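A short worksheet on the structure shown next.
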Amino acid sequence: MPIGSRMTSTARVVVGGRVGVDDDEAGARREGEVDEAGGGVDLEGGADGEQEVAGGGDGAGLAEHLRVEVLAEEDRGGLEHAAADGAARVGLARADVVEGVGELAAPVDGSTPGRRLGEHALGATCGAVEFQDLPAPVSAATRGRRAVSLMQGNVASGRSAGDRVFVLTAMTRSSGKLGADTCCANLTQQYVDTMSNKQPAWAPEDLDRFRAVQQLAYRCAEAVAATLEPGVTEKQAARRMREWLMENGADDWFHVPFAWFGDRTTFHRFRTPLQFFPTDKRLEEGMPFILDCAPVADGYTADIGYAGSLGGNAVQEQILGDLQEYRALILAEVRERKPLNEIYRSVDALIAKHGYDNRHRVYPGRVLAHQVTRLKARGPRTVVAGFGIRSLQTLGRELVAERIVGRSPLWADGKSSGHAPTPGLWAVEPHLGLRRIGAKFEELLVVTEDDAYWLDDDLPHVRAWAGQAPTTSEKETVA
Amino acid sequence: MKELQTYVTAPDGVRLAVFEWGERSAATTVVLVHGYPDTHAVWRPIAEQLAERHHVVAYDVRGAGQSDAPRKVRSYTLPTLEADLGTVLQEVSPDKPVHLVGHDWGSIQSWESVTGTALADRIASFTSISGPCLDHVGQWFRSKLRQPTPRALGQLAWQGVHSWYIGYFHLPLLPPLLWRTAMVKGWPALLHAIEGVPRGSGAPTFPTDAVRGLALYRANMIPRLTRPRQRPTDIPVQVVLPQKDLYVTPAMAGQAPQPFVGRLWRRPLRAGHWAPLTHEGVLAGWIDEFVDHIEGAPAAPGLERAQVSSGREGGGSEKAGGAKRGRSGSATSAGDTAASAQHAGKLVVVTGAGSGIGRATALAFAEAGASVVAADLNADSAARTAQLASLLGAGRSGSYAVNVSDPVAMEEFAKAVHAEHGVPDVIVNNAGIGLGGAFLDTQTSDWDAVLGVNLMGVVHGCRLFGAMMKERGEGGHIVNIASAAAYLPSRTLSAYATSKAAVLMLTECLRAELADQGIGVSAVCPGFANTAIAKATRYVGVSANEQEQLRGKADRLYRLRNLPPERVAEAVLRAVEENRPVVPVAAEARIGRALSRLSPGTLRFVARRDLTPR
């Protein structure tokens, strides 16, 4: 259960914009304008430089990207968890969250901006509310001229009296002038960091392109799987995938195609990443195999995994059948906005129940999934250590940018994944093994601010679960 | 039992002594062919048991006992011996095919008839003990040389070491000389000392049989092994594989017939080469089971597990695995893998098999070809283990929900296993629970719980299944999962460590007691294996809140230690294969065991530290 759903009531303030009050018990939602009386804050910061930092030059400052939430949160554990998560709560909302631009009506005191702004914001929303015992920032992160801090305190009186709140402040400093935004946030809030190069990935046409590349990749895997015969080597299979994809519209790689046969489907005795690369191992009758390819077409990336066997393998068929539960479990828990590392552990628990072995922990970073973005990087389309260099550039930048806000584009079971699902596209790859036989699927999960769904359900493993014959709908190649 | 002696005359005029037991009117006739240097006397103990239900026939092969002994070596070729058998069959069972049983050379020469055409329709089934078809062996050697993997070459070399005597028997003068001199008294003494053959079971014609029988080797070995023929057969064959055979390695005897025999059963037996004299009860039982099954009776569980190739679908499986087996491709391949595996045909019972070490052990045995019975407190997880075991290629698997600390439930469980699956070859007493905290906070009820599962559960398992193994007489193995805590004192694990130390000592005592029965007993002492026990361990003397915290932290440490239960499972299999007394698993367990001997003071010092993660 996500922490957000334990709330008894929520008041939402959108700084400089609209106010929404959710009351779960009444099921009603009231909205109103924020009282904009009072002094103004120069949220724009007045300088060009910080706009570059903050918003990518679209002219909008920080202010309109923020919103405030007051929680009626009774679960101390959840709040402590939130506090521990620190700066992970801080970020900037996407432009489409808030309509209209307003200014936060409070003077900024450089020493305690969070308190002042918090008081103002809450006061504006809830009437006679004041802070009590607002401690020093519990967490902060800085980068260049931009700073973010997280504070927590109690609401002393008014409608939300006794509630714990978090105050998040984002500041930019330029020419000695401090611009600041503050919001009170809860765990369920998600922001897209404007510092990231990530494009909002859910423009319908973008998703269509991602879907098309994913279809292409799965068609490649199916086509190559159909050609596999006894005696073929992993290297040959990988080369066939590579050639097929190059012929059918791929122009770069997230990573080069991989093929694993036999006990290598469970990464048996893998000690170094070099062992992921295809070998001269030959396919035999009854042997399981996994084909994994990640083509890029026009910057749109797919990353898929396809498991099968030569002539049938009862164990692998069982694992493939059970993978259905993992697909449902992951989607359900992402929708609940559980922290990613908790979802990872739920997956582990299901693995233990089924009696399998978690094999995705052998992947670099133990990842169950990793984020996929549209490649914008320029430069040669070279492959380094099996990964496309442009993808590596993008991934590197993601790792740094997400790290600053306490998140990770890699989804594992460690602390760095202790945050709610980041909106974007995730290539999810549960990889299970039983003794020396492994199976996986890998496909893109679309995570939005408050929902999630699989990018495409017309995939071989999903069709197999549904017991349907493969649809022969027109699938144009991605050009 | 009355032994009826007659003579028949072979086509070339050689007179053969034939011996019969039981009623000639019985529905089935079993013909026993002895080896070298034996006579029909080697079969007497088995014949007397079989005669209660069958018409049993044995004869002295030419050159042995009371049969004639032609002088020329070429009178001992396999076709001649086949003709002898034909003559005997014509005499003792002219109308009905017989069930043939051969030991040593008796088996080698019977293979000639089983894979040939002349007597094929006179033979209903064949049980081969320690005597492979020479053509199959030749082919087996060739196939190993064609794919000279280290394992294949190792098997070849090992068989070569065991076949020294074949070269020796081809030497002039020396072998007959030795048979006539030192071996007159030496041979029976050697058999008694090495194989445990009872004194006085040799034939009165002994040294003469040995000298004349050398012709068997000289007439056949070289031509058959150097120019092996393709000799397939449709006759059902049960191959008994004595595991401690000094002359025929089980690897060769088990693998060689596989490509040529359509219906094959393989039954490993913990015995030496002269199993008919040392394990007569077991062999008589197996022959009886096999004959009954070929005559139409349903296969006994042990026999069903022993079947390797086709015809497996007929066995019927009550578990979910059966449904998956429909796909012929996977079933065959899984069956073939399982058949060549180390524990093929064995029945393995694992308690606490629903998760962790128990499940990993059950699956490892299944992968190695064994049939698995999974027992767990949780019926669903036990059933899941059994299902996965079936998928991995094990034969019929089963699952039971049982509380090992409940003597009545365990008794019923043991009875049910015996009725449905037969006597287990391996029992793994794995079920266990964790308990942490100070001794003075531990209540009597806590002690009852820990000792009930960890100690009495093991006691019940050993008692019930050990008795079954002893009664059956085929040997077996008991593995008790103890813990490194059995020899590592700790101020916070008094109850748990005590229970595990008791298991370790129980294992040592039982090992001594059951050694004569051929039943091995091993204790496996894992370190911090990453299983559900970390999250289920109960800590006494703490609040419910702290309890959860301790569990969470312990679980985290176990995850970080990352000792997968599969490592422990490998150790269990190794303990069975090598009959090892105590197997510590993982560095902490091995170092701890070394310290407990070299420097117990260090361990006492460490024991005083409270190492509970807080």
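Each chain gets a letter, A, B and so on, in the order the sequences are listed, and its residues count up from 1. These figures come from a predicted structure and were not determined experimentally.
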Does any heavy atom of chain B fall under 4.5 Å from the side chain of A/D322, the backbone, both, or neither of them?
side chain
Could you look at B/D555 and say if it's the side chain, the backbone, both or neither that has a heavy atom under 4.5 Å from chain A?
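Neither part.
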Can you tell me which portion of B/A532 sits under 4.5 Å from chain A's heavy atoms? Options are side chain, backbone, both or neither.
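Contact with chain A is absent: no heavy atom of B/A532 under 4.5 Å.
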Rounded to the nearest 0.5 Å, how far does CZ of A/R436 lie from CD of B/E367?
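CZ of A/R436 is found 5.5 Å from CD of B/E367.
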Reported CD-to-CG distance for the pair B/E566 and A/D357, which is rounded to 0.5 angstrom:
5.0 Å
Is any side-chain heavy atom of A/Q318 closer than 4.5 Å to one of B/Q387?
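Contact flag for B/Q387/A/Q318 side chains = yes.
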Please report the C-alpha distance between A/D348 and B/R559 in whole Å, then the side-chain angles of each, then the deciding distance to 0.1 Å, and finally whether the side chain to side chain contact (heavy atoms under 4.5 Å, CB included) criterion is met.
CA-CA 11 Å; A/D348 271 359; B/R559 283 169 80 106; 3.0 Å; yes
Are there over 12 heavy-atom neighbours, none belonging to A/E229, within less than 6.0 Å of that residue's CD?
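Counting other residues, nucleotides and ligands, CD of A/E229 exceeds 12 neighbours.
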Over 12 foreign heavy atoms within 6.0 Å of CZ, B/F528
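No, not enclosed.
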Would you say the side-chain atoms of B/R359 pair up with the backbone N or O of A/Y356, donor to acceptor, closer than 3.5 Å?
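No, because the side chain of B/R359 does not come within donor-acceptor range (under 3.5 Å) of the backbone of A/Y356.
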Can you tell me which residue among B/L391, B/L388, B/L392 is in a side-chain contact (heavy atoms from CB on, under 4.5 Å) with A/R435?
B/L392
